[in-house]
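Owing to the predicted nature of the structure, the values given are computational and were not obtained by experimental measurement. All values below were derived from every heavy atom in this structure, side-chain atoms included, with hydrogens, water molecules and symmetry-related copies excluded.
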Amino acid sequence: PPRSTLFPYTTLFRSKAFFYLEKHLKCKQKKYQRVIKTDEAFVNFYSTAEWKNLWKKDWYSEFENQLAEADYFLSSGKPEKAIEILNSAVEKNQSNAQVFFLFAKAQISLGESAPAIININKAIELEKENSDYFQLRGEIFLKTKKIKLALKDFETALQFNPANLYLLKEKAGAEAENKLFAEAIINYKTYLQYMPEDVEALYSYSCLLYELKQYEEANMHFTKLIESDPKNAQYLVSRGNNFFLNKLYLSAETDYNQALDLDPKNAEAYNNRALCRMFLKNERGACSDFKKAASLNFPGAEEQLKKNCK
């Protein structure tokens with residue numbers, strides 16, 4: 001599918017598109033020059049006189065260019081370099097929310113949650129209705145297991161930007177972790193209506209259905225995931241677990257067999273196949289699997305081996 005653009009007005013007549021782009025460049029909260037120039041929506045404009053004339057003007061201050069450079073280093077996985085640039089930038093402007101937002105992003109990349117919270121709080125104090133700032137603070141809270149605070153910030157961020165589908169997915173995950181299952185189901189369903197090809201979200205949703213004992217629907221989604229990626233061992237293990245709890249032991253064993261063909265060191269598959277084989281009266285096979293699961297340090301496998309195997 002085509003990449004989405006931050007600039008939907010490029011589908012208008014060319015003169016109108018440039019009119020709105022110039023209007024955007026005059027805004028205080030404009031996108032970085034790199035973001036605009038690499039957006040695929042503008043590809044057909046690159047060779048036009050209007051495009052070349054537009055960029056003859058210097059739309060960005062030195063400070064804005066520093067922020068853009070810091071953002072570039074962040075996206076390139078170099079948070080230390082970004083912090084170095086931001087330290088210089090903040091000396092020039094301590095009332096710009098974006099600089100503190102970027103500081104927080106860099107610090108969370110380095111695993112420094114405490115200073116990241118301080119800086120994102122400063123950004124929010126300066127711009128109290130910025131969806132991105134509340135989203136980042138929510139993500140920091142989520143990383144530090146402050147789920148209720150994360151959910152509150154995700155809710156606020158969605159109020160300011162209801163079209164942020166990625167945030168809806170994050171919120172659903174946080175709700176599931178906080179045992180707000182009904183809300184999580186609704187948000188996963190809404191997200192997947194618009195983003196049905198997001199296998200990560202579909203897998204999380206399927207696992208949630210499994211946890212809630214909605215086995216039939218979970219099985220349907222696990223099967224869809226396996227069809228989309230037949231070499232993913234974890235999808236097979238998850239569907240096998242679903243079969244197991246429905247007492248479909250032969251089907252479960254088949255999925256565990258296939259998972260182990262793909263991933264011979266999957267401890268969960270060995271342990272759960274052993275449990276299947278106990279029910280199928282294959283004690284020798286079960287004990288072999290418990291032994292293998294125990295050697296791979298799967299929780300409880302050693303106890304099962306001692307209990308069931310002489």
Side-chain angles (χ1 to χ4, degrees), residues 1-4 40 75-77 139 142-143 165-166 168-174 176-177 184-185 187-280 282 284-302 304-305:
R3 191 182 114 186
S4 62
E40 290 180 4
S75 66
S76 303
E139 289 168 355
L142 199 58
K143 281 179 183 289
L165 290 173
Y166 174 76
L168 196 64
K169 170 183 163 182
E170 278 202 304
K171 185 170 182 282
E177 194 168 340
I185 290 283
N187 284 322
Y188 270 130
K189 279 185 174 179
T190 303
Y191 175 80
L192 287 165
Q193 280 180 343
Y194 294 100
M195 304 293 285
E197 303 305 317
D198 186 337
V199 293
E200 180 187 342
L202 183 58
Y203 182 65
S204 296
Y205 177 52
S206 305
C207 291
L208 176 59
L209 293 170
Y210 167 80
E211 292 293 330
L212 295 176
K213 301 183 180 180
Q214 296 182 27
Y215 299 129
E216 187 175 345
E217 189 179 352
N219 184 71
M220 178 181 72
H221 292 308
F222 285 135
T223 300
K224 182 179 177 181
L225 286 162
I226 291 166
E227 289 170 352
S228 72
D229 185 3
K231 294 186 177 181
N232 188 309
Q234 195 54 47
Y235 294 164
L236 286 157
V237 172
S238 295
R239 189 176 69 174
N241 295 345
N242 201 61
F243 282 137
F244 179 82
L245 288 183
N246 277 282
K247 300 182 180 181
L248 299 169
Y249 302 122
L250 282 172
S251 296
E253 184 183 31
T254 299
D255 274 355
Y256 296 139
N257 288 342
Q258 291 181 33
L260 287 165
D261 286 342
L262 294 165
D263 179 9
K265 292 187 177 181
N266 192 308
E268 183 183 3
Y270 280 114
N271 184 79
N272 293 359
R273 187 173 70 174
L275 294 172
C276 273
R277 287 176 167 177
M278 292 294 292
F279 282 103
L280 293 169
N282 179 1
R284 183 175 180 180
C287 289
S288 174
D289 282 346
F290 279 135
K291 186 176 180 181
K292 188 68 178 176
S295 73
L296 293 167
N297 300 313
F298 189 80
E302 186 71 40
Q304 289 284 2
L305 185 64

(message) If we ignore hydrogens and angles and just use 3.5 Å, is the side chain of Asn246 paired with the main-chain N or O of Asn242 as donor and acceptor?
(response) yes
(request) Can you see which heavy atom on Thr223 is nearest to which on Arg239, and at what distance? (result) OG1-NH1, 3.2 Å
(request) Return yes if some donor-acceptor pair links the side-chain N/O of Asn271 with the main-chain N/O of Ala293 below 3.5 Å, else return no. (result) no
(request) Could you grab the distance from atom CG of Leu275 to atom OH of Tyr249, nearest 0.5 Å is fine? (result) 9.5 Å
(request) With rounding to the nearest 0.5 Å, note down the distance linking CZ in Phe222 to CG in Leu236. (result) 11.0 Å
(request) Just do the side-chain contact (heavy atoms from CB on, under 4.5 Å) check on Gln234 and Asn266 with the steps written out, would you? (result) CA-CA 9 Å; Gln234 195 54 47; Asn266 192 308; 3.8 Å; yes
(message) For the backbone of Asn241 and the side chain of Tyr256, can you confirm whether one donor and one acceptor N or O come within less than 3.5 Å of each other?
(response) yes
(message) Testing the basics here: between Pro264 and Lys292, what is the closest heavy-atom pair and its distance to 0.1 Å?
(response) O-CE, 4.5 Å
(message) I need the Ser238 OG to Tyr210 OH distance, nearest 0.5 Å.
(response) 8.0 Å
(message) Tell me if the aromatic rings of Tyr235 and Tyr203 count as close, with their centers under 6.0 Å from one another.
(response) yes
(request) Could you tell me which non-hydrogen atom of Pro196 sits nearest to which non-hydrogen atom of Lys224, and how far apart they are? (result) O-NZ, 4.4 Å
(message) Less than 3.5 Å apart, any donor N or O on the side chain of Arg273 or Asn257 sitting next to an acceptor on the other?
(response) yes
(message) Can you confirm whether Lys169 is buried at NZ, in the sense that more than 12 heavy atoms of other residues, nucleotides or ligands lie under 6.0 Å from that atom?
(response) yes
(request) Report the distance from atom OG of Ser228 to atom CD of Glu197, rounding to the nearest 0.5 Å. (result) 8.5 Å
(request) Over all heavy atoms of both residues, which pair between Leu305 and Cys287 is shortest? Give the atoms and the distance, please. (result) CD1-O, 3.7 Å
(request) Please report the shortest heavy-atom distance between Leu262 and Pro230, naming the atom on each side. (result) CD1-O, 3.5 Å
(request) Starting from the C-alpha separation in whole Å, work towards a yes-or-no answer on side-chain contact (heavy atoms from CB on, under 4.5 Å) for Leu260 and Lys265. (result) CA-CA 7 Å; Leu260 287 165; Lys265 292 187 177 181; over 6 Å; no
(message) Using 0.5 Å steps for rounding, measure from the CD1 atom of Ile185 to the CG atom of Leu209.
(response) 4.5 Å
(request) Indicate whether the side chain of Tyr191 and that of Asp198 have a donor and an acceptor atom separated by less than 3.5 Å. (result) yes
